[in-house]
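Here's the structure we're looking at; comments come further down.
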Amino acid sequence: MKLFCLRVNSTQNKVRAEKSNVPCLKGFCICKWKQKSAKCSGLDYIPRIPNYVENLKLKKNRLSHISMDIFQNISNNRITSLTFVDNSIKMLTSDAFYNMKYLKHLEISQEKKLNISYLKLSFKSLDKHVMENMNFINNGWTMLPMDLFSGFRNYTLKILQFNDNTFTTFNGSLLSEFLEIHKLYVERNELVFLNASGLHSVIELILTANNMFEIPNFCAENAGRSLVPKFSRLDMTDNAIRKLHPRSFKCLHNLTQLTLDKNRLVVLENRIVSSLTNLESLSISSIPHLSVIKPGAFNCSSLQSLRFVHNGFRFDKEKNNNGKHLFNPIELFVNTQSLMELDLTNNYMPKDPGIFRQMLYPLSNLTKLILQATHIALLPDELFQEMPFLETLNLKGNRITSWNQSVFENLKPLRKLYLDGNHIRVINETSFPIQLLHSLKELDVSHNEFWCTCAQKCFEYDAFVIYCDSDRKWVHSELLKRLEEIDLKVCVHYRDFDVGESITDNITNYVGKSWKVIVVMSNNFTKSEWCQWELDLVQERRRRHGKEALILIMQSEIDSSHMTNSIRSLLDTTPHLQYQQGLGEDLFWSVIMKAVMKPFKDPPTAIL
């Protein structure tokens, strides 16, 4: 028999076995296989970690000296992301990252003892071909050495962050060596001044939450040449900018996104963004003191999306109390014909339908219009028909109760319509054209005070009134007058019942058509057998919808001698409203009106 000898490299297999079987260090590390991550704390060294770990976070350890040797236990791991947070690092050596051949993401945060000169030294060992993201956050730095990135000549980074430090100035020249930086973040510092020289490689610049009171100068000294030719996005949210003028954005020839939220603007001047010939998205939001918009403020032929939200701007007033013009509805959007998305959430839209229509009329290319919480009570006729490409219409959180049938006619492209959180009472077959219902993908009418549910027919009247003939004068001259003054529709037998029908059939029919039943009680009411029969009839409504379906008014006190057991039981289980003349009368009528309009889930407030 011929024997074969199989040679096995026992050392190599041992290494692989040990590597694959490395456990997570209990009590000090948390390892997650799905996230391919490990987080270690409370150590004075970097331990061995499972071979699947690619993302390593070292937080609150005792690692004052970072060199190549400290990574020895993870040299066989394929670490792509390495994060240091609050490890009391003082020194990084020039060979620190020598074995981190796959490192793409490096973060050094809350390392306030770290000398930046050592950080620069450690960059020599980084594989800059692989590196994508570098984040230096909350290290207490007040300035950066100009040669910090001198070794990055012609390299590209996707993200570079210097957030939560204490810079008052930032000199872009220290980034001049990079071939390209996709995103540069200098957020939540104390920046007052930024020198744009050297930012020629930056594509997106995020400067939120600083103290800058004006837009930085992005122009070279010679006329018109841009210092930032690759800029496509600028975000200056939450700064101290008080004024913008047409020259503020000069030399940003390729800017497509601009965000200026949470600044201190009071007036938007004419043509402030007109020079941005490639601007597509503009956000000017959360500026509570903004009171004036000059006619050409939004003039920009390329603008496609405008977010103007949470400003509380009074589009419902063309002039203030001093006669000063606040805005011109005709000229506001006249030169933004390319606008496709407009969000005006939390402002005040015009109450006059004509001004409302004038303001939005030029926007014939809109595909998305958001008018959420803009205090709209009345929707103008034929406005949305001037927007033949409109796909999304958001009218959430307004005061809309109803609308003319023509408002939603011929809106063929509309796919999403949001009317939730309004004051809509009735939706019937005339509310929406059948063609619209067939084409809509989303229709939200939730959180309205409907008078009916899907299982009920819609009500024709707000209330049906039961009363005796001796109380007719008070019912007609007081109750009906008060309710109908606020456009409530009330059913009373003398004018609304069908001629030729029996009384019992009329009562049954019209009680069924009414949202609430108001019972006007008095001594004379308790004496009337007919009123008692009507009261027994409506008890079925109370059993189905609860006590809030009935509104009991004690027009005058009932003597104990006239109090029947059924009426006493009703008064004991249902809140009733005591009519009062003089002091308290206004409160009485206010409670009556609210009780009629409240949905069944909310019982009427009682005055006992």
Side-chain angles (χ1 to χ4, degrees), residues 401-402 424-431 449-522 524-555 566-567 570-571 574-577 579 589 591-604:
T401 56
S402 60
I424 301 170
R425 300 174 186 172
V426 174
I427 289 180
N428 55 35
E429 63 275 8
T430 65
S431 299
E449 298 180 357
F450 288 116
W451 287 344
C452 62
T453 67
C454 295
Q456 297 171 307
K457 62 183 179 178
C458 291
F459 296 107
E460 186 176 337
Y461 294 91
D462 294 316
F464 180 93
V465 184
I466 296 175
Y467 62 98
C468 70
D469 192 61
S470 58
D471 295 324
R472 178 176 56 181
K473 182 178 179 181
W474 181 84
V475 169
H476 293 179
S477 62
E478 294 290 338
L479 181 63
L480 289 183
K481 179 183 176 183
R482 297 273 187 166
L483 296 179
E484 291 176 345
E485 278 179 350
I486 61 169
D487 295 327
L488 291 174
K489 192 175 181 181
V490 184
C491 180
V492 288
H493 68 269
Y494 82 94
R495 68 179 183 191
D496 296 313
F497 278 6
D498 295 328
V499 177
E501 295 288 335
S502 68
I503 295 293
T504 56
D505 286 345
N506 266 316
I507 292 173
T508 303
N509 184 27
Y510 281 92
V511 166
K513 291 181 178 182
S514 302
W515 164 242
K516 297 288 180 74
V517 176
I518 299 174
V519 182
V520 180
M521 307 182 76
S522 64
N524 292 321
F525 182 93
T526 61
K527 296 175 186 178
S528 169
E529 292 184 5
W530 190 256
C531 289
Q532 295 294 310
W533 179 86
E534 286 185 284
L535 190 58
D536 290 340
L537 178 68
V538 299
Q539 290 287 11
E540 176 60 26
R541 170 67 66 86
R542 185 180 185 277
R543 281 190 287 272
R544 283 191 291 122
H545 295 300
K547 59 188 178 182
E548 61 268 26
L550 301 186
I551 299 170
L552 304 184
I553 297 176
M554 189 70 72
Q555 198 272 333
S566 61
I567 291 178
L570 182 64
L571 292 174
T574 307
H576 62 277
L577 309 169
Y579 174 62
W589 289 115
V591 173
I592 286 287
M593 295 167 189
K594 289 179 180 178
V596 174
M597 293 187 287
K598 278 185 179 180
F600 288 137
K601 64 181 179 181
D602 297 324

Problem set entry | Trp589 side-chain N/O to Arg482 backbone N/O, donor-acceptor pair under 3.5 Å | no
Exercise. Under 3.5 Å, side chain of Asp496 to main-chain N/O of Val492, donor-acceptor pair present?
Worked result: yes
Exercise. Can you list the residues that meet the side chain to side chain donor-acceptor pair (under 3.5 Å) rule with Thr430, with sequence neighbours excluded?
Worked result: Asn428
Closest heavy-atom contact between [X] and [Y]?
X: Val520; Y: Phe525; answer: O-CD1, 3.2 Å
X: Ile424; Y: Ile427; answer: CG2-CG1, 3.9 Å
X: Val596; Y: Trp515; answer: O-NE1, 2.8 Å

Going from [atom1] on [X] to [atom2] on [Y], what distance comes out if it is rounded to the nearest 0.5 angstrom?
X: Lys516; Y: Phe464; atom1: NZ; atom2: CZ; result: 16.0 Å
X: Ile518; Y: Ile551; atom1: CD1; atom2: CD1; result: 5.0 Å
X: Leu479; Y: Trp474; atom1: CG; atom2: CH2; result: 5.0 Å
X: Leu550; Y: Ile466; atom1: CG; atom2: CD1; result: 8.0 Å

Exercise. Run the side chain to side chain contact (heavy atoms under 4.5 Å, CB included) check on Val490 and Asp462 step by step: do they pass?
Worked result: CA-CA 6 Å; Val490 184; Asp462 294 316; 5.5 Å; no
For this session: Give the intermediate values and the outcome of side chain to side chain contact (heavy atoms under 4.5 Å, CB included) for residues Ile553 and Val519.
Result: CA-CA 6 Å; Ile553 297 176; Val519 182; over 6 Å; no
For this session: Please list, chain by chain and in numerical order, all residues satisfying side chain to side chain contact (heavy atoms under 4.5 Å, CB included) with Asn524, sequence neighbours excluded.
Result: Cys468, Ser470, Asp471, Ser522, Lys527
For this session: List for me each residue that meets side chain to side chain contact (heavy atoms under 4.5 Å, CB included) alongside His476, sequence neighbours excluded, and say none if there are none.
Result: Tyr467, Arg472, Leu480, Tyr494
Exercise. So do the side chains of Tyr510 and Asp498 get within less than 4.5 Å of each other, counting heavy atoms only?
Worked result: yes
For this session: Begin from the C-alpha positions of Met593 and Leu483 and carry the test side chain to side chain contact (heavy atoms under 4.5 Å, CB included) through to its verdict.
Result: CA-CA 7 Å; Met593 295 167 189; Leu483 296 179; 4.2 Å; yes
Problem set entry | Lys489 to Tyr461, cation-pi by 6.0 Å centre distance and 45° axis angle | yes
Problem set entry | Lys/Arg N to Asp/Glu carboxylate O, Glu460 vs Arg425, below 4.0 Å | no
Problem set entry | Trace of the side chain to side chain contact (heavy atoms under 4.5 Å, CB included) decision for Val475 with Val465 | CA-CA 9 Å; Val475 169; Val465 184; 4.2 Å; yes
